Amino acid sequence: MNFNPAAELQKIMNLSPFDGVNPVISDSATFAFSEADVMTDTFEGKTEGCFLYSRHWNPTNVHLAKALAAMEGAEAAWLTSSGMAAITSAILQLCKYGDHIISANTTYGGSYAFFANYLPAKFNIEVSFVDITDLEAVKKEIRPNTRILFTESMTNPLLQISDIPALSEIARANDLKLVVDNTFTPLIISPLKLGADVVVYSMTKFINGKNDCVAGAICGKEDFINSLIDVSSGTAMLLGPVLDPPRSAAILKNLHTLHIRMMKHSENAGFLASRFKEAGVKINYPGLPDHPGHKLLGELMNHGFGYGGMLAIDMVTTDNASKLMVAMQDRGVGYLAVSLGYFRTLFSNSGTSTSSEVPVEEQKRMGLSEGLVRFSVGLDMDIEHSWKNIEACLKDLNENQ
Ligand SMILES: *Cc1c(COP(=O)(O)O)cnc(C)c1O
């Protein structure tokens, strides 16, 4: 890819002279109009740059939405109160009662549960789950009422790489919308530039990077974003999952350091991945040459940000995984916690936590080991020291068996 998301971000973060370097926070739910007919026009979507009510738009949210749109090469973006709000709003906007969706079988547990349980029960929307790296399997699932193809750029927790250009060709040929969750790989992958129609984010993770709030975003064509917030029919406007403006102001400030953080997360994860491999631990990291998606990721990625901060090791049994995680926490390697993209390393046993919504049989079928420990590698200053601690935990575990 020759897209440069960092340069696009820098371009948009420009000020008029005498403005504060950080934009003024608009702390208002409602906005005053000078003329009554301007208010009427605004309700009808006929006015540009007029604010009506913060569930729709807010000047502070516009700053962050514009920055994200620039970073993604998108026409527009809209901010949500969580990643799940971004996913559910985008999906519900794109399909209706009785439609069909094809989803990667290895997605975030919340997305999986929304597709497997919620949509069929409430909207008679059937969802087929496929191995997203098997393009023939994807094609086989297409039905006359299929509307959406859903995947994650780098899937959770198996770290498969989605071939976005190939999936987008399939989507185009069959009049489907390709929706991509890019939560694991901001800056590294630019799905819209590779042919996706809509990108969704949990900004809770790398984008905000502080684990002090939940937030999300939807990026895509201007028409699509406008349809989401249409006052009479927009899913986002009517279900109301808007991001609070003071939070969006805080996240905008963190966006300025995203590139540095992604580089460091990637560097540290690459280091640990090599050490795990040398130590004979079964390791899954897309930056390692023997990862099945390594070459593809190399073709899709924007260079300079590395292969990402996520890795997974296989401890074979849940019991071993639990013992290792507790030992690592005691030795200060990081925290036994869900979520990702934090300063410190976070680890969890996916099968019993962030993928627990996926039935055990399905976990087995997709190759999710019960002993899988997913790491979000932190910004450790001394990663060699962190490895020494991990190594000591592995040694204790082996000796006590
Ligand atoms: C965390 C996560 C979500 C959900 O985001 P929230 O902000 O927790 O609602 C969705 N997709 C992926 C890949 C995630 O990691």
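One-based numbering, in listed order, for ligands and for the atoms of each. As the structure is a prediction and not an experimental result, all values here were calculated from the model.
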Mind checking what makes side-chain hydrogen bond (donor to acceptor under 3.5 Å, both in side chains) contact with Tyr108, not counting sequence neighbours?
none
Any residue meeting side-chain hydrogen bond (donor to acceptor under 3.5 Å, both in side chains) with Glu222, in chain and number order, not counting sequence neighbours
none
Please output the side-chain donor-acceptor pairs of residues 237-253 that fall under 3.5 Å, not counting sequence neighbours, one pair per line with the distance.
from: Arg247; atom 1: NH2; to: Asp212; atom 2: O; distance (Å): 3.0
from: Ser248; atom 1: OG; to: Asn61; atom 2: OD1; distance (Å): 2.7
from: Ser248; atom 1: OG; to: Pro245; atom 2: O; distance (Å): 3.2

Applying the ring-ring contact (aromatic ring centres under 6.0 Å, His included) test to Phe375, which of Tyr285, Phe276, Phe271 qualifies?
Phe276
Hey, which residues fall under 4.0 Å of ligand 1 on heavy atoms?
Ser82, Gly83, Met84, Ile87, Tyr108, Glu152, Asp181, Thr183, Phe184, Ser202, Thr204, Lys205, Ala215, Leu340
Got a second to check how far Thr155's OG1 is from Ile161's CD1, nearest 0.5 Å?
7.5 Å
For Ala196 and Ser168, work out which heavy atoms get closest and say how close.
N-CB, 4.4 Å
